[in-house]
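Since the structure comes first, as structure tokens, the remarks are kept for the end.
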2 protein chains.
Amino acid sequence: MHHLSDQSIDTIADILKLLGDKTRLTMVKIMSEHECCVCEFVDLFEMSQPAISQHLRKMKDKGLIKETRKGQWVFYSLNPNHPNYSFVQTVIQAVPSQQGKLNNLKAQGKRITCC
Amino acid sequence: MHHLSDQSIDTIADILKLLGDKTRLTMVKIMSEHECCVCEFVDLFEMSQPAISQHLRKMKDKGLIKETRKGQWVFYSLNPNHPNYSFVQTVIQAVPSQQGKLNNLKAQGKRITCC
DNA sequence: TGACCATATAAGTATTTGCTTATATTATGA
DNA sequence: TCATAATATAAGCAAATACTTATATGGTCA
């Protein structure tokens with residue numbers, strides 16, 4: 001007797017747990033709109049750099065996001081190869097756009113556009 | 001300056017946090033398929049009755065589910081009047097059916113069908 | 001090479017979470 | 001009315017979580 005469906009409800013619960021944190025949910029929404037680097041997140045949230053790194057690591061460990069080095073920065077974005085990528089997208093469609101936050105950053109000249 | 005979108009991302013994060021627990025996610029999926037009473041959940045999960053009650057209370061407190069007394073039992077079901085009801089439905093569509101668990105209960109004669 | 005960024009990791013801590021057992025509440029039915 | 005069954009609440013606890021500060025790592029560039 002195997003438990004395919006149990007495995008998959010576990011996976012979904014894991015994803016929802018990751019997204020069930022306001023900081024991570026916002027980060028994921030932002031990443032769904034734009035690639036983003038760690039220091040931008042640090043500027044966006046009133047939170048220390050290690051706290052941001054730890055959130056990103058949790059999501060990367062579960063394969064939800066991927067990283068790309070560009071010069072001295074590490075950019076994070078949604079991982080389109082995640083087995084539940086389309087589910088993740090469905091969920092974050094319900095989240096209001098966070099474009100405004102990025103625009104604020106840009107207005108402050110803090111948006112990183114290295115490439 | 002107001003933060004309408006912040007309020008709504010909070011709400012969504014709250015819902016996802018509730019659903020990000022395997023027990024609750026399974027319960028919600030079951031409730032989306034059938035009304036269910038507390039003692040059935042107790043039989044379905046290897047967990048004490050208070051633990052089940054506490055999960056249900058959390059979800060009821062957030063308006064995700066509603067209760068109906070029927071005789072000596074309290075039945076719980078999804079609350080279609082929740083402002084994010086359709087979002088919740090979208091999410092749990094991705095969860096595999098838990099009908100099998102209910103069928104097992106029925107086979108054991110433990111399914112409550114009072115009315 | 002060496003100083004300086006950006007990022008990651010380590011270690012510690014307060015809070016939250018998800019259970020447990022014990023007890024209260026409430027409805028039913030002999 | 002009283003015993004019983006179903007459910008809720010209270011209190012306590014171990015584990016998980018989300019942060020903090022301190023420190024390590026690793027790339028860039030003068």
Side-chain angles (χ1 to χ4, degrees), chain A residues 9-10 13-28 30-31 35-62 64-77 105 109-115, chain B residues 9-10 13-28 30-31 35-62 64-77 105 109-115:
Chain A
I9 200 172
D10 281 352
D14 278 354
I15 294 171
L16 296 176
K17 177 171 288 179
L18 278 178
L19 299 180
D21 173 274
K22 191 194 174 183
T23 303
R24 284 192 298 264
L25 185 60
T26 308
M27 294 169 101
V28 162
I30 288 174
M31 284 184 274
E35 208 173 43
C36 216
C37 82
V38 182
C39 60
E40 292 175 308
F41 285 129
V42 173
D43 286 333
L44 280 173
F45 299 94
E46 290 181 352
M47 202 174 289
S48 69
Q49 173 268 318
I52 297 295
S53 265
Q54 285 155 16
H55 280 304
L56 289 166
R57 185 143 139 65
K58 281 195 181 180
M59 294 192 279
K60 200 181 142 238
D61 282 352
K62 295 283 183 183
L64 214 62
I65 61 176
K66 63 185 177 65
E67 64 176 49
T68 319
R69 293 205 84 101
K70 285 189 188 177
Q72 50 188 320
W73 297 286
V74 179
F75 283 75
Y76 284 91
S77 54
L105 258 200
K110 289 182 175 174
R111 184 97 169 93
I112 308 289
T113 44
C114 66
C115 309
Chain B
I9 200 173
D10 281 354
D14 278 355
I15 293 172
L16 295 176
K17 177 172 286 177
L18 279 178
L19 299 180
D21 173 274
K22 191 193 174 184
T23 304
R24 284 191 298 264
L25 185 61
T26 308
M27 293 169 101
V28 162
I30 289 173
M31 283 185 275
E35 209 173 43
C36 216
C37 82
V38 181
C39 60
E40 292 175 308
F41 285 128
V42 173
D43 286 333
L44 279 174
F45 298 94
E46 289 180 353
M47 202 174 289
S48 69
Q49 173 268 319
I52 297 294
S53 266
Q54 285 156 15
H55 280 304
L56 290 166
R57 186 144 138 63
K58 280 192 182 182
M59 295 192 278
K60 199 181 144 236
D61 282 351
K62 296 282 184 182
L64 214 62
I65 60 175
K66 63 185 177 64
E67 64 175 52
T68 319
R69 293 206 84 100
K70 285 191 187 174
Q72 52 189 320
W73 297 286
V74 178
F75 282 76
Y76 284 90
S77 54
L105 259 200
K110 288 181 174 176
R111 183 96 169 97
I112 307 289
T113 45
C114 68
C115 307

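Note on naming: letters A, B, ... go to the chains in the order of the sequence lines (proteins, then strands), and numbering restarts at 1 for each one. These figures come from a predicted structure and were not determined experimentally.
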With sequence neighbours excluded, what pairs up with [X] under the side-chain contact (heavy atoms from CB on, under 4.5 Å) test?
| X | answer |
| --- | --- |
| A/C37 | A/C39, A/E40, A/W73, A/F75, A/I112 |
| B/K17 | none |
| B/E67 | B/K60, B/V74, B/Y76 |

Can you tell me if the side-chain N/O atoms of B/K58 get under 4.0 Å from OP1 or OP2 in C/dG18?
yes
Phosphate OP1/OP2 of D/dC19: any A/S48 side-chain N/O under 4.0 Å:
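Answer is no, no contact under 4.0 Å.
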Select base, sugar-phosphate, or nothing to describe what B/K60 touches, counting heavy atoms under 4.0 Å on all strands.
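The answer is nothing, as B/K60 stays clear of every strand by at least 4.0 Å.
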Within this structure, what is the [atom1]-to-[atom2] distance between [X] and [N], rounded to whole angstrom?
| X | N | atom1 | atom2 | answer |
| --- | --- | --- | --- | --- |
| B/L18 | C/dT17 | CG | P | 10 Å |
| B/F45 | C/dT20 | CZ | C1' | 18 Å |
| B/E46 | C/dG18 | CD | P | 19 Å |
| A/D43 | C/dA6 | CG | C1' | 12 Å |
| A/H55 | C/dA8 | NE2 | C1' | 15 Å |

How about A/K58 and A/Q54: do any of their side-chain heavy atoms sit closer than 4.5 Å?
no
Produce a footprint string for nucleotides 7-16 of chain D: one letter per nucleotide, 5' end first; B if the base is under 4.0 Å from any protein heavy atom, S if only the sugar-phosphate is, - if neither.
BBBBB-----
All side-chain hydrogen bond (donor to acceptor under 3.5 Å, both in side chains) counterparts of B/T68, not counting sequence neighbours
none
Please tabulate, one pair per line, all N/O donor-acceptor pairs under 3.5 Å involving side-chain atoms of residues 42-51 of chain A, not counting sequence neighbours.
from: A/S48; atom 1: OG; to: A/A51; atom 2: N; distance (Å): 3.3
from: A/Q49; atom 1: NE2; to: A/S53; atom 2: OG; distance (Å): 3.2

